[in-house]
Amino acid sequence: MENDQTRATITTATTSSSSKEADHDDCHDLLIASLPKEKGWSSHQLYLYQGFWCPSVLIREEMAVHQHFQARQNDIALATNPKSGTTWLKALAFSILRRQHYTPSQNHPLLTSNPHTLVPFLFQGFLDQDLTSNIAHSPRLFSTHLPYHALPPSIKSCAIGCRIVYLCRNPYDTFISAWHFFTKASDSLEPLSLNDAFDMYIRGVFGYGPFWVHMLGYWKESLERPQKVLFLKYEDLKDNPILHMKRLAEFIGVPFSIEEEKEGLIEEISRLCSINNLRELDVNKTGKFGSHFENKALFRKGEVGDWVNYLTPEMVERLDKVIQEKMDGFGLTFKTSL
Ligand code: PAP
């Protein structure tokens with residue numbers, strides 16, 4: 001019900017009358033025209049909005065969310081840099097949180113729906129009617145690529161208990177994953193050379209980036225407010241999924257019981273959400289998400305250290321240097337191989 005109200009508020013704010021809508025469009029166009037811009041990784045240009053790079057179509061939606069979204073006490077937000085394991089985190093969090101309703105072995109929604117459908121992005125969930133029903137359950141579960149500083153105020157609020165789970169992936173593999181995705185995943189986008197993409201990435205020109213601002217924003221918050229932000233690492237999840245699934249379950253308020261552990265439920269959920277399982281499902285082999293991305297593009301290799309097959313020693317040196325310059329002294333470290 002509140003979702004409907006939220007949607008209604010947003011809809012009213014953007015479409016109450018045609019003249020208002022035209023004014024709104026003009027303001028939006030003026031805003032966009034005033035922002036620094038760069039050639040994007042896809043056919044969309046990227047604009048520097050509130051300290052992060054974003055295509056103009058998403059700026060409008062993120063603005064609406066920023067202004068109108070009201071977090072609830074028990075909301076759970078999954079936050080990631082693009083290509084850091086968002087799909088995996090969505091599958092795990094959904095399966096862990098809703099395990100009273102769905103057991104991994106019987107008609108589990110993940111067998112017929114892509115994780116992005118089950119756990120929508122914040123702007124989709126509140127603006128798209130079809131997706132709204134997926135977050136109608138309580139606690140609500142949604143995701144965002146927004147950097148910490150740009151989150152809606154009510155999510156960040158100290159008074160509100162909305163919890164945030166951040167999944168961080170080493171910048172080397174994230175870059176290679178993104179390059180594959182944007183060059184190969186879509187039939188309608190122009191291919192971007194590895195060198196050009198790399199130059200953009202190390203300058204911070206990457207959706208919702210710079211990556212160092214994104215990671216450090218959530219990292220600092222997780223140190224200051226560990227009860228508010230759980231900081232997970234993709235490489236740790238690959239290395240020891242059971243341990244980190246237990247941390248995730250505890251943090252979102254549904255710890256595994258001793259009986260569940262003994263019955264092997266954690267292993268079952270881990271298998272259900274594994275890339276090898278999800279990749280082979282019909283829905284992920286054939287379906288599409290968004291206007292032009294195929295679900296199968298979300299399940300490439302899912303490995304730690306694939307970057308060694310692509311980055312030259314010179315590229316590694318340049319990325320090392322950027323990481324040192326931008327991130328040194330904060331205590332955030334990366335595993336680049338297992
Ligand atoms: P998104 O930002 O478009 O949602 P996201 O899911 O964050 O993408 O990242 C995709 C990466 O996660 C891919 O990495 P790769 O290109 O290095 O292979 C994808 O393979 C990986 N991935 C997807 N599902 C899983 C999973 N279940 N386990 C581990 N890795 C996964």
Side-chain angles (χ1 to χ4, degrees), residues 41-42 44 54-55 58 78-96 104 108 110-111 113-124 142-147 165-186 189 194 197 201 206-209 211 214-215 232-242 244-245 248 269-281 283-285 287-311 334-338:
W41 287 54
S42 71
H44 296 296
C54 194
L58 289 180
L78 308 178
T80 48
N81 231 334
K83 316 321 290 180
S84 296
T86 319
T87 315
W88 191 17
L89 181 63
K90 287 184 178 193
L92 288 170
F94 178 90
S95 308
I96 292 172
H108 195 280
L110 272 176
L111 301 175
S113 300
N114 180 264
H116 284 284
T117 311
L118 297 175
V119 184
F121 284 99
L122 195 47
F123 65 81
Q124 288 172 302
F142 48 79
S143 81
T144 182
H145 282 323
L146 283 172
V165 180
Y166 187 75
L167 182 61
C168 181
R169 188 180 194 188
N170 80 61
Y172 309 80
D173 282 322
T174 306
F175 165 68
I176 291 301
S177 182
W179 178 69
H180 275 283
F181 184 79
F182 285 110
T183 52
K184 311 229 167 93
S186 164
L189 306 178
L194 187 70
Y201 189 67
F206 177 59
Y208 297 93
F211 69 81
H214 207 281
M215 293 172 182
L232 295 174
K233 293 181 181 173
Y234 182 96
E235 297 76 23
D236 292 343
L237 256 180
K238 287 292 286 187
D239 191 34
N240 191 341
I242 305 303
H244 297 287
M245 285 168 66
L248 172 59
I269 293 178
S270 174
R271 270 195 300 277
L272 172 72
C273 300
S274 70
I275 187 162
N276 289 341
N277 184 53
L278 295 181
R279 189 200 276 127
E280 294 309 317
L281 299 171
V283 61
N284 296 325
K285 277 182 174 168
K288 279 198 167 193
F289 73 98
S291 52
H292 49 213
F293 294 117
E294 295 184 347
N295 285 346
K296 68 177 177 209
L298 294 166
F299 308 95
R300 194 181 64 92
K301 284 191 175 174
E303 289 173 0
V304 178
D306 187 38
W307 59 272
V308 295
N309 300 313
Y310 298 91
L311 298 185
F334 302 111
K335 278 188 201 151
T336 52
S337 63
L338 282 185

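Residue numbers count from 1 along this sequence. Both counts, for ligands and for their atoms, begin at 1 and track the order of listing.
Heavy-atom proximity to P82, at under 4.0 Å, picks out these atoms of ligand 1: 2 (O). Within the listing of ligand 1, atoms 15 (P), 18 (O), 20 (O), 30 (N) sit less than 4.0 angstrom from a heavy atom of G302. Taking every heavy atom of S274 and a limit of under 4.0 angstrom, the matching atoms of ligand 1 come to 27 (N). Near K301, meaning under 4.0 Å from one of its heavy atoms, ligand 1 places the atoms 18 (O), 20 (O).
Partner N284 forms a side chain to side chain contact (heavy atoms under 4.5 Å, CB included) with one of L110, N114, L298, I275 and no other, that one being N114. Screening F206, Y208, W179 against W41 for a ring pair (Phe, Tyr, Trp, His ring centres under 6.0 Å) leaves a single residue, F206. Residue H244 forms a side chain to side chain contact (heavy atoms under 4.5 Å, CB included) with just one option from L167, D239, L237, and that option is L237.
Contact annotation: the side chain of F94 never approaches that of P115 to less than 4.5 Å [non-hydrogen atoms, C-beta and beyond]. For the pair K301 and N309, the minimum side-chain heavy-atom distance is below 4.5 Å. Counting only heavy atoms from C-beta outward, the side chains of H108 and S95 approach each other to under 4.5 Å.
Counting heavy atoms closer than 4.0 Å to ligand 1, residue R169 contributes side-chain atoms (C-beta onward) but none from N, CA, C or O. The proximity of H145 to ligand 1, defined as any non-hydrogen pair under 4.0 Å, is limited to the side chain. Neither the backbone nor the side chain of A91 has any atom closer than 4.0 Å to an atom of ligand 1 (non-hydrogen atoms only). With a 4.0 Å heavy-atom cut-off, ligand 1 is reached by no atom of D306. Under 4.0 Å from ligand 1, the heavy atoms of S84 that appear belong solely to its backbone. At a heavy-atom distance under 4.0 Å, no atom of E303 approaches ligand 1.
One distance of note links CG of L278 with CZ of F299; it measures 5.0 Å at 0.5 Å rounding. Summarising the geometry, atom CZ belonging to R169 is positioned 5.0 Å from atom OG belonging to S177; distances are rounded to the nearest 0.5 Å. Rounding to the nearest 0.5 Å places CE of M215 at 10.5 Å from OG1 of T80. Atom CG of L118 is separated from atom OG1 of T87 by 11.5 Å, given to the nearest 0.5 angstrom.
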Could you walk me through whether K285 and E280 pass the side-chain contact (heavy atoms from CB on, under 4.5 Å) test, one step at a time? CA-CA 7 Å; K285 277 182 174 168; E280 294 309 317; 3.5 Å; yes

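In terms of protein heavy-atom proximity, atom 30 (N) of ligand 1 is closest to Y234 OH, 2.8 Å. Nearest protein neighbour of atom 13 (C) of ligand 1, counting heavy atoms only, is S177 OG, 3.5 Å. Closest protein heavy atom to atom 20 (O) of ligand 1: R300 N, 3.0 Å. From the protein, the heavy atom lying nearest to atom 26 (C) of ligand 1 is W88 CG, 3.4 Å. In this structure, atom 5 (P) of ligand 1 lies nearest to the protein heavy atom T86 N, 3.5 Å. Here the protein heavy atom with the shortest distance to atom 27 (N) of ligand 1 is C273 O, 2.8 Å. Atom 24 (N) of ligand 1 has its closest protein heavy atom at F299 CD2, 3.6 Å.
Between K233 and E235 there is no salt bridge, since no side-chain nitrogen of the basic residue lies less than 4.0 Å from a carboxylate oxygen of the acidic one.
Between G85 and ligand 1, at least one N/O pair is under 3.5 Å apart.
The closest non-hydrogen atom to atom 22 (N) of ligand 1, taken over T87, L89, L298, comes from L298.
Both tests do not hold together for K83 against Y234: distance to the six-membered ring centre under 6.0 Å, angle to the ring axis within 45°.
Distances from ligand 1 to the non-hydrogen atoms of H116 include at least one value under 4.0 Å. At least one heavy atom of K83 sits closer than 4.0 Å to an atom of ligand 1.
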